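Inspection log for the structure reproduced underneath, given as structure tokens.
Predicted, not measured: the structure shown is a model, and the values here were computed from it. Chain letters run A, B, ... following the sequence lines, proteins first and then strands; every chain starts at 1.
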Amino acid sequence: MSLTLAMFETTRLVRLSGVDLAIIVFYFGLVLVIGFYLKRFAKTGEDFFLAGREMTAWVAGLAFVSANLGSLELLGWAGSAYQYGIMAAHWYWVGAIPAMVFLGIVMMPFYYISKTHSVPGYLKLRYGSEASGLSAITFAVMTILMSGVNMYAMAVVMKVVLGWDINFSIWVSSLTVGVYVAAGGLFSAIFNEVLQFFLIWFGALLIPILGMIETGGWSGMVARIHQNFPGQDFTHMWAPMGSFANNPMGINWIGIVFGLGAVQSMGYWTTDFLVVQRVLSAKDIRSAKMAPIIGSFFKMAVPLIVILPGLLGLAVLPMHLVPNAPNLAPGQHSYNEVLPLMLARYCGPGLLGLGITALVAGFMAGMAGNVSAFATVWTYDIYRPFLNKTAPDKHYVSMGRWCTLIGLIVSIGTAYLVMGFASIMDYVQALFGFFIAPLFGTVLLGMLWKRVTRWAGFLGLLAGTISSVTMFVLMQKVDPQKWVPIFARSPLAKGLAQDMYQSLWSCVTCVVVTVLVTLVTRPKPDEELVGLVYSLTPLAQEEHTSIWHRPIVWGVSALVLLVILQIIFW
Amino acid sequence: MSEKHHIIPVWFFVGVLLLVYGVMIFISGLAEWSHPPETVLAELHAPVWWGGLLIVLGGSYCAMFRPRAEKLNQ
């Protein structure tokens, strides 16, 4: 979700009471206590970087879905729901659920059996240090830059919603996250993500409940939306997807199904190490397979607290929100303010504090996720293979702790850099998307086709990434009127639609180059690929497991439920 | 949750969080009963029943997942 510095105007939306502040302070205190408590358990590399690989499927699953449930995501997607209607739920349903199930059923066994610490670690085992190094360096740099960008964006939110000083927000939240992640490593990050999960649900769920009471249910809400915005369709997901001109995104069903569902979401949910690391902490292979599937059910429910408040905003807010702009007129509010506005509409003292704490917790959990993933990739995929191969385990744990703090300092530096040069923010957010789609092609081909060679993996990834950057520059900077209709297939395509097609073409480029290079280079011998490739890996059979404990059963159930939801909101 | 390290389950901390917040919000809701805030549907007294729900859930989690001395000392 692209959020610009201009997302909020400079007036305070809500005022906190004593009980609200007490709720926020208690949260900070609790996460620090948990961090210090967990420090004693994070002694070995596996403890610090993978939470000892002893999380249950439920804990890993909630952490997995929470890692993506950051505050900016919530605010941004609620704003998108106000702007585009229920179509925004595509990013939670077809743009997430199939990928999560695919990760659990198809890809997780390879990640888990190979005992890798990270996604670049898998690439090193499968291809070699070239593809792994490229992936690790880009991931490490982008993760830490993203952390800084999010830090600043959230500080701006806190300034506008609560009137807090930007420096105060940046330093207090960063220091708190730094202390508890450096102490407990992934243990702390995961514990905090589970807390955040409950906070977000209990902090935000009252909005749809009270909103539905106010509007008289779904049909009452739809009637009010039609009354407020005559002639516009905000409550159908697929009906307006027949052509680019029928919906405000300027996208058609091909872009959603293939660009979002088949490439971008697959790339994010199956190869972004920030989320995959949570599943790698599972205690056994069955838990590792179940974790993303459990997460998929919760992910399917998230539109209730994100998309529905946006739709309710269309129905009940007395003013019409406007696009984000640098200078909004007094009294105007942007799309991205819809969630705080709805919070302020229904929640008085106490409940308001809970909602704000949920946003703060989401922000801190996101930052913790970024720095813990950065520390792991730096230590295991850059420092150990390229700089210090033979140090004892204790040394790498120490390196991880220092990396956490250094990563936070770099993030803070990035936040202040963004403060001075606002346009950096949009570029950094775009950069992150460059690597995900081609990486999915590289990882998936490596898992499913044993013939793919070392250089094919590296060159395919490189070509996919370069093509993605090239398309972005051509569409955004060189000549949008010429290149957007070519790559995004319509001159009406907005930013999100352009992203979908950019992902699709970059993944196709990666696959084509990988296949071509594979055909002219020599493959690795089979014995080096055992545990890494589908045809050479003995996977655990589930005949003797009860039907209720089989990941495939729950995976299929999630997909069936997804189809039912699509039909209901067609 | 943790067999190797005998860590206090994360669910216990979730319970503590919900219980403390439930008490705070419930009391705050009672305190404003006769003078509800100027929010929409304030007459429903959402802080009272929402705080009560958090107390029940948080209390249940605390009771079910409370640290047991014999297990932590193993």
Side-chain angles (χ1 to χ4, degrees), chain A residues 17-20 22-23 26-27 29-31 33-34 37-38 40-43 46-47 51-56 58-60 62-63 184 187 190-199 202-203 205-206 209-211 213-214 283 316 342-354 357 361, chain B residues 1-62 64-67 71-74:
Chain A
S17 64
V19 67
D20 297 321
I23 285 173
F26 180 78
Y27 173 74
L30 184 65
V31 294
V33 166
I34 291 174
Y37 167 69
L38 292 172
R40 73 191 76 167
F41 302 108
K43 288 178 180 160
E46 191 161 275
D47 293 338
R53 279 190 191 262
E54 53 184 311
M55 296 293 132
T56 62
W58 280 90
V59 174
L62 290 191
F187 274 124
I190 286 179
F191 269 52
N192 194 41
E193 280 155 7
V194 175
L195 286 183
Q196 173 223 350
F197 178 85
F198 281 86
L199 269 175
F202 285 104
L205 191 57
L206 262 181
I209 291 174
L210 293 175
I213 292 173
E214 185 186 0
K283 64 179 181 178
V316 301
M342 296 298 285
L343 198 62
R345 180 179 180 83
Y346 295 121
C347 297
L351 292 176
L352 192 58
L354 185 62
T357 307
Chain B
M1 183 197 71
S2 171
E3 286 134 21
K4 205 160 64 181
H5 282 113
H6 305 300
I7 300 174
I8 296 173
V10 66
W11 312 117
F12 174 73
F13 294 109
V14 169
V16 170
L17 188 79
L18 297 183
L19 183 60
V20 171
Y21 282 173
V23 170
M24 286 179 174
I25 291 168
F26 183 76
I27 292 173
S28 156
L30 287 182
E32 66 184 29
W33 188 276
S34 53
H35 303 289
E38 294 177 1
T39 54
V40 175
L41 298 178
E43 69 276 12
L44 295 180
H45 300 289
V48 175
W49 49 268
W50 200 248
L53 175 70
L54 294 183
I55 290 173
V56 171
L57 282 174
S60 306
Y61 269 61
C62 284
M64 279 191 292
F65 299 103
R66 67 187 181 281
K71 190 168 183 182
L72 294 176
N73 290 335
Q74 281 174 6

Shorter than 4.5 Å, heavy atoms on both sides: which option in A:Ile209, A:Asp20, A:Leu195, A:Val316 has the most such pairs with chain B? A:Leu195
Using every non-hydrogen atom in the two residues, find where B:Trp50 and A:Phe202 come nearest and quote the distance to one decimal. NE1-O, 3.0 Å
Proximity breakdown for B:Ile27 and chain A, heavy-atom pairs closer than 4.5 Å: neither
Under a 4.5 Å heavy-atom cut-off, does chain B meet the side chain of A:Thr357, its backbone, both or neither? side chain
Taking side chain as everything from C-beta outward and backbone as N, CA, C, O, which of these in B:Leu17 sits under 4.5 Å from a heavy atom of chain A? Side chain, backbone, both or neither. both
Considering all heavy atoms, the nearest A:Leu210-B:Ala46 contact: CD1-CB, 4.3 Å
Contacting moiety of B:Val20, where chain A heavy atoms sit under 4.5 Å: side chain
For a quick test of reading the model, state the closest non-hydrogen atom pair linking A:Val19 to B:Ser28 and the distance between them. CG1-OG, 4.1 Å
Between CG of A:Leu354 and CD1 of B:Ile25, what distance do you get to the nearest 0.5 Å? 4.5 Å
Chain B contact via A:Ala22 - which portion, at a heavy-atom distance below 4.5 Å: both
Mind checking the CG-CG spacing from A:Leu206 to B:Leu44? Nearest 0.5 Å is all I need. 10.0 Å
With rounding to the nearest 0.5 angstrom, report the CD1 to CD1 distance, B:Ile7 to A:Ile34. 11.5 Å
Chain B contact via A:Tyr27 - which portion, at a heavy-atom distance below 4.5 Å: both
Using side-chain heavy atoms (C-beta onward) and a distance below 4.5 Å, is A:Phe198 in contact with B:Tyr61? yes
Test side-chain contact (heavy atoms from CB on, under 4.5 Å) on A:Val33 and B:Phe13; report intermediate values, then the result. CA-CA 10 Å; A:Val33 166; B:Phe13 294 109; 5.5 Å; no
Is there side-chain contact between B:Val10 and A:Trp58, with at least one heavy-atom pair below 4.5 Å? no
Is there side-chain contact between B:Thr39 and A:Leu352, with at least one heavy-atom pair below 4.5 Å? no
Heavy-atom contact with chain B under 4.5 Å, split by part of A:Ile23: both
Is there a side-chain contact between B:Tyr21 and A:Leu199, using heavy atoms and a 4.5 Å cut-off? yes
Let's test your reading of the structure: which of A:Pro349, A:Cys347, A:Gly348 forms the most heavy-atom pairs below 4.5 Å with chain B? A:Pro349
